[in-house]
Amino acid sequence: MVKLAAKCLLAGDPAVGKSALAQMFRNDGAHFQKNYTLTTGIELLVKAVSVPETSDSVEFFIFDSAGKDLFSEMLEKLWEQPNVLCLVYDVTNEQSFNNCAKWLEKLRAQAVGVHIPGVLVGNKTDLVGRRVVEEKQAQEWAEKHGLEYCEMSVKEMKNFEAPFHILAKSFHQLYKERVETFRSLA
């Protein structure tokens, strides 16, 4: 049984549901915060995830960061050397989706030349009538940028664990590949 630790950066525009996702995940779906509070700076949450089909686990150190540009300069120091990325947008807000490119560029600048597993997450799927970003469009964008993709509704507690299970599996796979590389060198 292997226990891995991974620094997970959670990023995206303000009010897309980053903090709600992190809180819901940490509390196993026990609490959805109805009142919106702007994250100023960064909040650290820690939670272990079992890697599917193994006895291994990944303990995520989730850095839930402010979406406002005002705070992004001070965040860059805290963002150094991530292991996995979770990029969140609101399916009812096209600008939040378009800004994912900017967020991804900032995140990847923290680990130039290193493969960082990541997932693009479309949140607020419960707002069906207000949806403007189609799943196919987001899926294609994610693939083009080397990210996994999933959708969820934190409010309805649907699929909120999926991004972290995807990241745990990807990070674990990367770990196994590195172990094999070291073994082949020995």
**Asked** Taking all atoms of both residues into account, what is the closest heavy-atom pair of K124 and A15, and its distance?
**Response** NZ-O, 2.7 Å
**Message:** Before you tell me yes or no, could you show the steps for L45 and F60 under side-chain contact (heavy atoms from CB on, under 4.5 Å), namely the whole-Å CA-CA distance, both residues' side-chain angles and the distance that decides it to 0.1 Å?
**Reply:** CA-CA 8 Å; L45 299 98; F60 284 117; over 6 Å; no
**Complete:** Sorted by chain and number, sequence neighbours left out, side-chain contact (heavy atoms from CB on, under 4.5 Å) with A162 holds for C150, N159
**Request:** Over all heavy atoms of both residues, which pair between A11 and W103 is shortest? Give the atoms and the distance, please.
**Result:** CB-CE3, 4.0 Å
**Prompt:** Rounded to the nearest 0.5 Å, how far does CD of Q139 lie from CD of E135?
**Reply:** 6.5 Å
**Item:** side-chain contact (heavy atoms from CB on, under 4.5 Å) partners for V112, two or more places apart
**Value:** none
**Asked** Does S153 have any side chain to side chain donor-acceptor pair (under 3.5 Å) partners at least two apart in sequence or in another chain, and if so, which?
**Response** D126
**Asked** Should L21 and L10 count as side-chain neighbours, where that means a heavy-atom distance under 4.5 Å?
**Response** yes
**Fill in**
d(K102 NZ, D13 CG) to nearest 0.5 Å is 5.5 Å
**Message:** Rounded at 0.5 Å granularity, tell me how far OG1 in T125 sits from CD in E156.
**Reply:** 7.0 Å
**Message:** Give me each pair satisfying salt bridge (Lys or Arg N to Asp or Glu O under 4.0 Å) with a member in residues 137-152, each pair once, sequence neighbours excluded.
**Reply:** R131-E151, K136-E140
**Message:** For V16 versus S96, what's the shortest heavy-atom pair and its separation?
**Reply:** CG1-CB, 3.7 Å
**Request:** Sequence neighbours left out, what passes side chain to side chain donor-acceptor pair (under 3.5 Å) with Q95? Give chain and number order.
**Result:** N99
**Asked** Got V58 and V84 here, is their nearest side-chain heavy-atom distance under 4.5 Å?
**Response** no
**Check: F97 ring centroid to Y89 ring centroid under 6.0 Å** = yes
**Asked** So, is the end of the K47 side chain (NZ or CZ) under 6.0 Å from the ring centre of F25 and within 45° of the ring's axis?
**Response** yes
**Prompt:** Counting N and O atoms only, with roles assigned by atom type, does the side chain of K18 sit under 3.5 Å from a partner on the main chain of V88, one being a donor and the other an acceptor?
**Reply:** no
**Asked** Taking atom NZ of K155 and atom CE of M24, what is their separation to the nearest 0.5 Å?
**Response** 11.0 Å
**Item:** Which atom of C100 lies closest to which atom of L87, heavy atoms considered
**Value:** O-CD2, 3.6 Å
**Asked** Under the side chain to side chain donor-acceptor pair (under 3.5 Å) test, which residues partner T92, sequence neighbours left out?
**Response** D90
**Message:** For the CG atom of L44 and the SG atom of C8, what is their distance to the nearest 0.5 Å?
**Reply:** 10.5 Å
**Request:** Report the residues that fulfil salt bridge (charged side-chain N to carboxylate O under 4.0 Å, His left out) with E180, sequence neighbours left out, ordered by chain and then residue number.
**Result:** R183
**Request:** Please check if L107 and F61 belong to a single hydrophobic cluster, counting links between Ile, Leu, Val, Met, Phe, Trp and Tyr side chain heavy atoms closer than 4.5 Å.
**Result:** yes
**Fill in**
Scanning both residues in full, the closest heavy-atom pair of Y149 with L120 reads CD1-O, 3.2 Å
Using residues 168-176 as the side-chain source, report each donor-acceptor pair under 3.5 Å to any protein atom, sequence neighbours left out, with the distance given to one decimal.
from	atom 1	to	atom 2	distance (Å)
S170	OG	I166	O	3.0
H172	NE2	D56	OD2	2.6
Q173	NE2	E177	OE2	3.3

**Message:** Hydrophobic clusters here meaning ILVMFWY residues chained together by side-chain heavy-atom distances under 4.5 Å, can you tell me if M152 and L127 are in one?
**Reply:** no
**Prompt:** Rounded to the nearest 0.5 Å, how far does CE of M1 lie from OG of S57?
**Reply:** 5.5 Å
**Request:** Step by step, work out the side-chain contact (heavy atoms from CB on, under 4.5 Å) result for L104 and L147.
**Result:** CA-CA 10 Å; L104 186 59; L147 301 172; 4.2 Å; yes
**Item:** V114 versus R178, closest heavy-atom pair with distance
**Value:** CG1-NH2, 4.4 Å
**Asked** Are any non-hydrogen side-chain atoms of K3 and E59 less than 4.5 angstrom apart?
**Response** no
